[in-house]
Each structure stands twice: as structure tokens, then as C-alpha cells.
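In what follows, every heavy atom counts, from backbone to side chain, and hydrogens, waters and symmetry copies are set aside.
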Amino acid sequence: MDNVSELIRCIDFAAVKHKDQRRKDEEQTPYINHPIGVAKILTDEAGITDIAVIQAALLHDTVEDTDTSFDELNQHFGPEVCGLVKEVTDDKTLPKMERKQQQINHAPHTSYKAKLVKLADKIYNLRDLRRCTPCGWTNERVHEYFVWSSKVVAGLRGTNKKMENLLDDIFKERDIML
């Protein structure tokens, strides 16, 4: 199967898995826009062409937010893609604050390819927060998300200068100390 077919198969899988989900913004944006947007940042802005990285970006929230299992990802997309998704997936059995701290602690120890997905995911989420505050979020909560994201990104530095520069601009705009 060629790369284009693999990507379309992956997009279709993610779209089916996320079909009933919406983002938390006022517009209730279809959730699938998020993983597609993360993949687009990788290809268009960071110049990444590695098919496994793009697939992992498209699938990065499937285990965390849908009924998808790692075994299912491994069966459909192989061990490399499954492993990358595993590296960027939070353990939802843990309390929220512990998960957030684990992301900070884990970031420096993830593989290069997983770091690419994490950087693009942070760019997408921070841009989305600039565009529209999620329903129920205070300005303080938004600020705390930016500060926390800067701590995660600190552990990803040295991975992709283009994405790091984009994030630096976003953090400077919010007066987040780097």
C-alpha cells in the first residue's frame, strides 16, 4: 500500500473513532479537526514527511478519548505507529493533575518522533485557545494551560526549530517566561 492510501486509511479510522466527539469551544467544532490539524502543522509548517509520525498525529487521541485499544492500533497500523501513540497518550486512570505533571516529567524522555507529535499538538491546542476559550474556562485557567504547556515544551526542546519558534512566539504573546 502506498503512503497516500495509508494516510487516507488512517484519516478514515480516526474520523470513525472521533465521529461523535466535539471540541469544547462554543462552536462545538468537530473533534476530528484537531488530529488533522496536528498532522497539517507537522507537514506544512514543520516540513515533516515521515509517514509514521503523520499517522501517529492523526491517531494520537484515539486511545485516550475513544474506545480504541493499543492492540487495535498495532493490528491496523503496526508497532511503530502504535508505539508513538503510546508515548503521547495520557493514562486516564490517573488524576488530572498527576497526568499533567507526568507530561512535564515524561517529555524529555520520549522519542524524537513522539516529540514531533507533542510539539504539533501543543501548537494546535494553544492556537485553538487563542481563537476561542472553551466553554466554562476562566481567563485564569487559560493562562494556567499556557504556563503548563510551556513546561511540557521545555522538555521537548532541540527537536524541531520551526515548531519551537512558533511556540516561542505564542508564549511571548502571552508573556509566558521561557
Side-chain angles (χ1 to χ4, degrees), residues 1-25 27-94 99-100 102-103 106-132 134 149 152-153 155-156 158-164 166-167 170:
M1 197 176 280
D2 67 15
N3 285 349
V4 173
S5 297
E6 277 297 303
L7 283 177
I8 297 301
R9 190 170 69 82
C10 191
I11 293 166
D12 181 67
F13 182 93
V16 168
K17 291 294 186 173
H18 292 295
K19 69 180 169 51
D20 295 324
Q21 294 177 318
R22 299 279 180 258
R23 295 285 277 181
K24 295 175 183 173
D25 57 13
E27 300 164 359
Q28 294 191 318
T29 308
Y31 193 88
I32 190 62
N33 292 9
H34 169 66
I36 292 171
V38 172
K40 186 176 186 301
I41 289 167
L42 285 165
T43 58
D44 289 3
E45 296 181 70
I48 303 303
T49 57
D50 185 306
I51 189 78
V53 172
I54 306 307
Q55 286 178 294
L58 291 164
L59 300 167
H60 79 275
D61 281 336
T62 55
V63 173
E64 199 170 304
D65 294 337
T66 75
D67 64 355
T68 307
S69 69
F70 289 118
D71 286 340
E72 187 178 7
L73 286 183
N74 189 52
Q75 178 185 0
H76 287 280
F77 302 103
E80 182 180 16
V81 172
C82 180
L84 291 172
V85 173
K86 194 175 283 188
E87 284 190 81
V88 300
T89 298
D90 285 350
D91 180 350
K92 290 286 208 146
T93 65
L94 298 174
R99 288 193 316 262
K100 291 175 97 51
Q102 278 200 350
Q103 277 201 43
H106 185 61
H109 308 291
T110 56
S111 69
Y112 168 76
K113 291 181 179 187
K115 286 178 180 179
L116 291 172
V117 175
K118 286 299 274 185
L119 285 168
D121 184 44
K122 290 294 176 241
I123 291 168
Y124 187 96
N125 285 334
L126 294 171
R127 284 176 176 169
D128 213 32
L129 276 176
R130 283 191 320 193
R131 181 187 64 81
C132 182
S149 293
V152 175
V153 168
L156 303 170
T159 302
N160 182 282
K161 193 68 177 157
K162 289 178 185 177
M163 286 194 287
E164 291 165 34
L166 292 169
L167 285 157
I170 291 169

Once you round to the nearest 0.5 Å, how far does CG of Asp50 lie from CD of Gln55?
9.0 Å

Show every salt bridge (Lys or Arg N to Asp or Glu O under 4.0 Å) that has at least one partner inside residues 115-126, sequence neighbours left out.
none

Do Tyr124 and Ile36 make a side-chain contact, defined as non-hydrogen atoms from C-beta onward lying under 4.5 Å apart?
no

In Lys17, Arg22, Arg23, Lys24, the residue satisfying side chain to side chain contact (heavy atoms under 4.5 Å, CB included) with Tyr31 is Arg23

Sub-3.5 Å donor-acceptor pair from the side chain of Glu87 to the main-chain atoms of Ser111, do we have one?
yes

Nearest heavy-atom pair of Met163 and Leu116: which atoms, and what distance?
CE-O, 3.6 Å

Is the closest basic N to carboxylate O distance between Arg9 and Asp12 below 4.0 Å?
no

Between Asp61 and Pro35, is any pair of side-chain heavy atoms under 4.5 Å apart?
no

Under 4.0 Å between a side-chain nitrogen and a carboxylate oxygen: does that hold for Glu164 and Lys161?
no

More than 12 heavy atoms from other groups under 6.0 Å of NZ on Lys100
yes

Between Val81 and Glu6, is a side chain to side chain contact (heavy atoms under 4.5 Å, CB included) present by the stated rule, with each step listed?
CA-CA 12 Å; Val81 172; Glu6 277 297 303; over 6 Å; no

My understanding is that only one of Gln21, His60, His18 makes a side chain to side chain donor-acceptor pair (under 3.5 Å) with His34; could you say which?
His60

Mind checking the CG-OG1 spacing from Leu59 to Thr66? Nearest 0.5 Å is all I need.
9.5 Å

Enter the distance from Phe13:CZ to Leu73:CG here, rounded to the nearest 0.5 Å.
5.0 Å

Nearest non-hydrogen partners of Lys86 and Phe70, listed with the distance:
CA-CE2, 3.4 Å

Does the side chain of Asp71 reach to within under 4.5 Å of the side chain of Cys82, using non-hydrogen atoms?
no

Derivation of the side chain to side chain contact (heavy atoms under 4.5 Å, CB included) call for Thr110 and Leu156:
CA-CA 8 Å; Thr110 56; Leu156 303 170; 4.2 Å; yes

Return the minimal non-hydrogen interatomic distance between Pro134 and Leu129, and the atom names on each side.
CD-CD2, 3.3 Å

Between Gln102 and Leu94 (side chain of the first, backbone of the second, donor and acceptor by atom type, cut-off under 3.5 Å), is there such a pair?
no

Could you walk me through whether Leu84 and Val117 pass the side chain to side chain contact (heavy atoms under 4.5 Å, CB included) test, one step at a time?
CA-CA 9 Å; Leu84 291 172; Val117 175; 5.7 Å; no

Point-to-point distance, once rounded to the nearest 0.5 Å, from CG of Asn3 to CD1 of Ile51
4.0 Å

Here the pair of heavy atoms bringing Ile54 nearest to Ala39 is CG2-CB, 4.0 Å

Kindly compute the distance separating CG (Leu58) from NZ (Lys40), expressed to the nearest 0.5 Å.
13.0 Å

Suppose we screen for side-chain hydrogen bond (donor to acceptor under 3.5 Å, both in side chains). Which residues come up paired with Thr43, at least two apart in sequence or across chains?
none

For the student: nearest non-hydrogen atoms of Asn160 and Ala46, plus distance
ND2-O, 3.6 Å

Compare all side-chain heavy atoms of Arg131 with those of Thr29 and state whether any distance is below 4.5 angstrom.
yes

Here the pair of heavy atoms bringing Ala57 nearest to Leu42 is CB-CD1, 3.5 Å

Can a donor-acceptor pair be found, under 3.5 Å and without considering hydrogens, that links the side chain of Glu64 to the backbone of Asp90?
yes

